[in-house]
Asker: 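Sending over a structure as structure tokens; questions will come in a sec.
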Amino acid sequence: KAGVTQTPRYLIKTRGQQVTLSCSPISGHRSVSWYQQTPGQGLQFLFEYFSETQRNKGNFPGRFSGRQFSNSRSEMNVSTLELGDSALYLCASSSESIRLAGSDTQYFGPGTRLTVL
Amino acid sequence: AQSVSQHNHHVILSEAASLELGCNYSYGGTVNLFWYVQYPGQHLQLLLKYFSGDPLVKGIKGFEAEFIKSKFSFNLRKPSVQWSDTAEYFCFRRRQLTFGSGTQLTVLP
């Protein structure tokens, strides 16, 4: 099976712009999670989606949003970019069911490196 | 808040030395624990995981971890490290979607 894919791999934006990142999960996986990785804050949870519904949300401002489509692909959007949004954004997918929420393995993609100038 | 702690931020070892990286979790909630590794320039890869049952779990590349409920710990071990083990290691609490701060391991040849 192909792994989790993320596009684009690299992005350069300027402050105030918005950006959309895309994630395609492993075939058959219905759960997608997003994380932000920075040297200072480490890996921080952004959102979790299951069957097009946001199941969990991390402690990020409303400028960060996401969605999941019927084919399980997911996008996250960051509006009004700030310098501090520069980070590696990671997507992970898992095959869990609603009954076993939070009990399956997450497989990570390579990430999108966002640089905000 | 339920959290995961990794107290060793940077560990430097010589090849063939034994490794133990600490991971502690806070009390409460479901305890499903993972160790991931991130090699330079690569994505996070699963080393091993614990859900229930035998508290000693074995993973890939000779790594193992022991879940000790009384100590709220899930430490990662390897009896003999190699230069290729140089990477950053993360403990992860699955149900709470929380990572530890990571431990950078440098293995000197």
Side-chain angles (χ1 to χ4, degrees), chain A residues 1-7 9-10 21 23-26 29 31-50 54-60 66 87-113, chain B residues 1-10 21-26 28-53 57-60 63 65 67 74 87-106:
Chain A
K1 279 186 181 178
V4 178
T5 58
Q6 293 186 244
T7 56
R9 293 293 311 279
Y10 301 91
L21 312 181
C23 171
S24 293
I26 292 171
H29 284 191
S31 175
V32 172
S33 300
W34 289 89
Y35 298 83
Q36 181 195 64
Q37 186 176 20
T38 60
Q41 299 298 318
L43 282 153
Q44 293 187 287
F45 167 69
L46 281 157
F47 328 97
E48 183 184 32
Y49 289 90
F50 183 85
Q54 187 178 91
R55 190 161 63 185
N56 287 296
K57 187 177 189 302
N59 189 26
F60 278 81
L88 181 66
Y89 290 89
L90 297 173
C91 171
S93 75
S94 67
S95 62
E96 64 183 272
S97 64
I98 292 176
R99 185 174 64 85
L100 297 175
S103 62
D104 208 340
T105 300
Q106 290 198 327
Y107 295 92
F108 286 82
T112 294
R113 172 76 63 186
Chain B
Q2 294 163 344
S3 66
V4 176
S5 300
Q6 292 180 245
H7 301 295
N8 313 105
H9 297 297
H10 195 179
L21 302 182
C23 172
N24 290 95
Y25 63 93
S26 59
T30 303
V31 183
N32 295 334
L33 296 166
F34 293 70
W35 276 99
Y36 284 91
V37 60
Q38 191 173 35
Y39 297 102
Q42 296 189 26
H43 60 280
L44 281 165
Q45 298 174 33
L46 176 68
L47 275 178
L48 47 80
K49 58 187 175 183
Y50 173 79
F51 287 115
S52 62
V57 293
K58 294 191 183 298
I60 62 171
F63 287 92
F67 174 71
F74 188 57
E88 191 156 17
Y89 293 79
F90 295 94
C91 187
F92 176 63
R93 192 166 177 181
R94 173 65 178 97
R95 188 65 183 269
Q96 290 71 23
L97 298 162
T98 302
F99 278 93
S101 55
T103 298
Q104 176 63 50
L105 171 66
T106 301

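Residue numbers start from 1 in every chain, and the chains themselves are labelled A, B, ... in the order their sequence lines are given, proteins ahead of strands.
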Asker: Distance check, rounded to the nearest 0.5 Å: S33(A) atom OG versus R94(B) atom CZ?
Answerer: 6.0 Å
Asker: Is the distance between the ring centroids of F99(B) and F45(A) under 6.0 Å?
Answerer: no
Asker: Which atoms of Q37(A) come close to chain B, meaning under 4.5 Å heavy atom to heavy atom: side chain ones, backbone ones, both, or neither?
Answerer: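 Q37(A) touches chain B through side-chain heavy atoms alone.
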Asker: Let me have the donor-acceptor pairs involving side chains of residues 44-53 of chain B, under 3.5 Å, with sequence neighbours excluded, atom names and distances please.
Answerer:
| unit_1 | atom_1 | unit_2 | atom_2 | d |
| --- | --- | --- | --- | --- |
| Q45(B) | NE2 | Q42(B) | OE1 | 3.0 |
| K49(B) | NZ | T105(A) | OG1 | 2.7 |

Asker: Please examine the side chains of L88(A) and Q38(B), heavy atoms only from C-beta on, and report whether any two atoms are closer than 4.5 Å.
Answerer: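 Side-chain contact under 4.5 Å: yes.
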Asker: Working to the nearest 0.5 angstrom, can you tell me the gap between K57(A) NZ and L97(B) CG?
Answerer: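 Taking NZ in K57(A) and CG in L97(B), the distance rounds to 13.5 Å.
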Asker: For the residue pair F92(B) and Q106(A), what are the closest heavy atoms and their distance?
Answerer: CZ-OE1, 3.6 Å
Asker: Listed by chain and number, what are the ring pair (Phe, Tyr, Trp, His ring centres under 6.0 Å) partners of Y39(B), not counting sequence neighbours?
Answerer: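 Testing Y39(B) for ring pair (Phe, Tyr, Trp, His ring centres under 6.0 Å), a comparison that skips the adjacent residues, returns none.
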Asker: Less than 4.0 angstrom from a charged side-chain N to a carboxylate O is my criterion; do R95(B) and E48(A) meet it?
Answerer: no
